[in-house]
Amino acid sequence: MADETADRAAGRDFIRDIVQADLDAGRQSAIVTRFPPEPNGFLHMGHAKSICLNFGVAEEFGGRCHLRMDDTNPTKEEQAYIDAIKRDVEWLGFTWGAHYYHASDYFEQLYDWAVHLIKAGKAYVDDQSQAEMRHSRGTLTEPGTNSPFRERPIAESLDLFQRMRAREFPNGTRVLRAKIDMASGNINLRDPVLYRILHAEHPRTGTAWCIYPSYDYAHGQSDAIEGVTHSLCTLEFEDHRPLYDWFLENLPVPSRPRQYEFARLNVTHTVLSKRVLTELVRGGHVVGWDDPRMPTLAGMRRRGVPPEAIRDFVKRVGVAKANSIVDYGMFEFSVREILNKSAQRRMAVLKPLKLVIENYPEGKVEEMVAANHPEDPAAGSRMVPFSREIYIERDDFMEHPPKKFFRLSPGKEVRLRYAYFVTCKEVVKDARGEIVELRCTYDPETRGGNTPPDGRKVQATLHWVSAAQAVEGEVRLYEHLFTRPDPDATNFADEINPNSLEVVANAKLEPAIAADNGNSPVQFERLGYFHLDQDSKPGKPVLNRTVGLRDTWAKVSGTKTPAGGTKR
RNA sequence: UGGGGCGUAGCCAAGUGGUAAGGCAGCGGAUUUUGAUUCCGCCAUGCGGAGGUUCGAACCCUCCCGCCCCAGCCA
């Protein structure tokens, strides 16, 4: 009972409350939402919030959600972005079925409606230059002044508008404006532009048009045409709502959608601005839109973030109207939450230190049984080769350990996971004093890593890879793209983290990794979750660390990096 | 100084007149062949501030403070 209320509360927000109320009151009988991206860049985490909201609400209330490309500005939009957007929405786990649209599908209807407004004396063609319009618009505190063309005869506006469409005028020479109120406190109502002249090729309509509708003029009417009931957008459109409503009230539209606004998503140590992301790509700060450090869906996919994790994250964040910046750690939690359950376990050594077991026969190789998932017996097991010479992690040995260090040090005994207990007998150094090798002994009675008959315990279990059978691979470790939690979007270049990518050229991987299907997530025990990168070549895998494991020791020892990864 | 919004814990976020949900982070402790996972417990006498109404206020009223958005022929 208490659980039920808690669950209900968890999946509830002011948007869903409104939808429910509309249904209960009979104002709507079926819910229709839409996700309307502009194809001028790749989708990112912020879009994921909107996608989950729009598709989620439709799903929960038995309605439908449309995917609509908001393609009203051909100077910025590309087919390649359209393709990427569709791919990413599907990857996130949503389908639009037959309801795939473009604002450009409605260009003819929008044009007819513009004519309708002109005929009704509610729109006029303005010949002012862009600068003149800017001046006459007034300021935040001063009202604007009417255009000298505002009262020109309807027939003249009609004629001019038709000639605008007929390609008679160059870019920027005239616009069609709504006749509303140049003195409105809401600047969006000071005779907003409905159409501008843009001699540009459109990805879908080609050169059929040289005048294009503005966002404000196109959006609400597109919603109305599609029968959208709830048009959900972000807070900055709040003061566009009176304009959204004005069009719907002054045009013979087939339905009456309502716009509601919610706070966009912000996450610490990253930037969710298409402008900045575009500059990161164009400026070569990242390898592309799908760089694993990018907060784009494509970047996260390449990094190994499962779509379920993004959905889980968005659900935890919730939907409200307060501006907020969510801690990146919350996102990492969701990623681990999903990956812990789905990832099979493997062993890999990133910074190898050779360990020789003196009392283990030379040339002997044993196959040790290792569970693929300790919490899921159904995942089965695999065999891992073990021999006299193995690699362990350099960080797992300290010659002069502090008190709380549980791992290997001179004279100390630890467990090698699924193998044996070993004791460190000697530290071998090179001429420069660098530790190059550890000489150890093993206890045959601990085979499989089991506690010996005398009941001896060890404080630590280490991961390892047999030297002779190790597969070499490249491992890429990531940290935040930005050093500051709240990067300045106008001056971001200085705040890019120079250490956001660390390449481990020759990591030692257990042989099973080479045989793994690249699409399945993997946990390298004690190191984190990894995902095969598209840069992999036969015999030379490249793995991205999706996220590290929670690392209490790093916190205690002070080696925790800003990105939550562990220095290895 | 015009218009539109928003302020509940370090970070998200419920709550809409009956005495502050939940999650993340953090801190304890148990279990553990991953310092992981899992499991238990702790974590706002307080809801931006000050008044007021009321038996009772985070919720209602008044004033004040702070933050965000808007002056594209971008979306």
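Residue numbering restarts at 1 for every chain, and letters A, B, ... go by the order of the sequence lines. All values below come from the heavy atoms of this structure, side chains included, with hydrogens, waters and symmetry mates left out.
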Salt bridge (charged side-chain N to carboxylate O under 4.0 Å, His left out) with A:E366: which residues, sequence neighbours excluded? A:R447
Paired with B:A25 by Watson-Crick or G-U wobble geometry, both distances under 3.5 Å: which nucleotide is it? none
Who pairs with A:F149 by ring pair (Phe, Tyr, Trp, His ring centres under 6.0 Å), at least two apart in sequence or on another chain? none
Which is true for A:V326 with a 4.0 Å heavy-atom rule: it touches a base, it touches only sugar-phosphate, or it touches nothing? sugar-phosphate
What's the base orientation of B:G51: syn (chi within 90° of 0) or anti? anti
A:E375: which residues meet the salt bridge (charged side-chain N to carboxylate O under 4.0 Å, His left out) condition with it, sequence neighbours left out? none
Donor-acceptor pairs under 3.5 Å, side chain of residues 196-203 of chain A to any protein atom, not counting sequence neighbours: which ones?
unit_1 : atom_1 : unit_2 : atom_2 : d
A:R196 : NH1    : A:T72  : O      : 3.4
A:R196 : NH1    : A:Y212 : O      : 3.4
A:R196 : NH1    : A:P213 : O      : 2.6
A:H199 : NE2    : A:F169 : O      : 2.8
A:H202 : NE2    : A:D71  : OD2    : 3.1

Send over the distance from A:E78 CD to B:C74 P, rounded to a whole Å. 17 Å
Got a sec, which residues hit side-chain contact (heavy atoms from CB on, under 4.5 Å) with A:P487, two or more places apart in sequence or on another chain? A:V271, A:F482, A:E495
Gap separating the CZ atom of A:F421 from the OG1 atom of A:T461, nearest 0.5 angstrom: 7.5 Å
Let's see if you can work this out: which of B:U34, B:A75, B:C73 has an atom nearest to the side-chain heavy atoms of A:V175? B:C73
Starting at atom CZ of A:R137, determine the distance to atom C1' of B:A71, rounded to an integer number of angstrom. 6 Å
Closest to the 5' end of RNA chain B, once A:G138 and A:P374 are matched to their nearest nucleotides, is A:P374
List in chain and number order the residues that pass ring pair (Phe, Tyr, Trp, His ring centres under 6.0 Å) with A:H44, two or more places apart in sequence or in another chain; answer none if no residue qualifies. A:H47
Please evaluate the base of B:U34 for a donor-acceptor partner in the side chain of A:Q523 within a cut-off of under 3.5 Å? yes
Which residues pass the side chain to side chain donor-acceptor pair (under 3.5 Å) test with A:N372, sequence neighbours left out? A:R346, A:R382
What is the distance, to the nearest angstrom, from the CZ atom on A:F406 to the C1' atom on B:U32? 13 Å
Is the ring of A:W553 stacked on the base of B:G35, with centres less than 5.5 Å apart and planes under 30° off? yes
Under 4.0 angstrom between A:R177 side-chain N/O and B:C73 OP1 or OP2: no
Is A:T552 close enough to B:A36 that one of its side-chain N or O atoms is under 4.0 Å from OP1 or OP2 there? yes
Base, sugar-phosphate, or nothing: which does A:V319 touch, judged by heavy atoms less than 4.0 Å apart? sugar-phosphate
Can you measure A:R264 atom CZ to B:C68 atom C1' for me and round it to whole angstrom units? 12 Å
Nucleotide of B:U38, B:G35, B:C73 approaching A:E337 most closely (side-chain heavy atoms): B:U38
As a test of reading the structure: which of B:A75, B:G35, B:C73 is closest to the side chain of A:F237, going by heavy atoms? B:A75
Please work out if A:Y418 contacts a base, only the sugar-phosphate, or nothing of the nucleic acid, heavy-atom cut-off 4.0 Å. base
Between the side-chain atoms of A:H240 and the base atoms of B:A75, is any donor-acceptor pair under 3.5 Å? yes
Result for ring-ring contact (aromatic ring centres under 6.0 Å, His included) between A:Y215 and one of A:F247, A:Y195, A:Y244, A:F237 points to A:F237
Could you state the CG-P distance from A:D327 to B:G26, rounded to the nearest angstrom? 9 Å
Between atom CG in A:L243 and atom C1' in B:C70, what is the gap in whole Å? 13 Å
Within less than 4.0 Å of OP1 or OP2 of B:A75, is there a side-chain N or O belonging to A:T72? yes
Which part of the nucleic acid, if any, lies within reach of A:Q128 when heavy atoms closer than 4.0 Å are counted: base, sugar-phosphate only, or nothing? base
Polar-atom pairs under 3.5 Å, protein N or O versus N or O of nucleotides 2-4 of chain B: list them with distances, or write none.
unit_1 : atom_1 : unit_2 : atom_2 : d
B:G2   : N9     : A:L140 : O      : 3.0
B:G2   : N2     : A:G185 : O      : 3.1
B:G2   : N3     : A:L140 : O      : 3.0
B:G3   : O4'    : A:G185 : O      : 3.4
B:G3   : N2     : A:D239 : OD2    : 2.9

Quick check: do A:R407 and A:M398 have side-chain heavy atoms less than 4.5 Å from each other? no
Is there a side-chain polar atom (N or O) of A:R550 under 4.0 Å from OP1 or OP2 of B:U37? yes
How many whole angstroms separate atom NZ of A:K315 from atom P of B:A14? 15 Å
Can you tell me which nucleotide in B:A13, B:C69, B:U34 comes closest to the side chain of A:E236? B:C69
Within residues 193-205 of chain A, which residues have any heavy atom lying less than 4.0 Å from an atom of RNA chain B? A:V193, A:R196
Side chain of A:R407 only, heavy atoms from C-beta on: which candidate in B:A36, B:G35, B:C73 is closest? B:G35
Phosphate OP1/OP2 of B:G26: any A:K555 side-chain N/O under 4.0 Å: yes
Looking for any heavy atom pair under 4.0 Å, which part of the strands does A:K404 touch: base, sugar-phosphate only, or nothing? base
Would you indicate what A:G318 reaches in the nucleic acid, counting non-hydrogen atoms under 4.0 angstrom: base, sugar-phosphate, or nothing? nothing
What do you reckon, is CZ of A:R264 surrounded by more than 12 foreign heavy atoms closer than 6.0 Å? no
Record whether the side chain of A:R134 comes under 3.5 Å of the base of B:G72 through a donor-acceptor pair of N or O atoms. no
Rounded interatomic separation in angstrom, taking CZ from A:F333 and C1' from B:G22: 12 Å
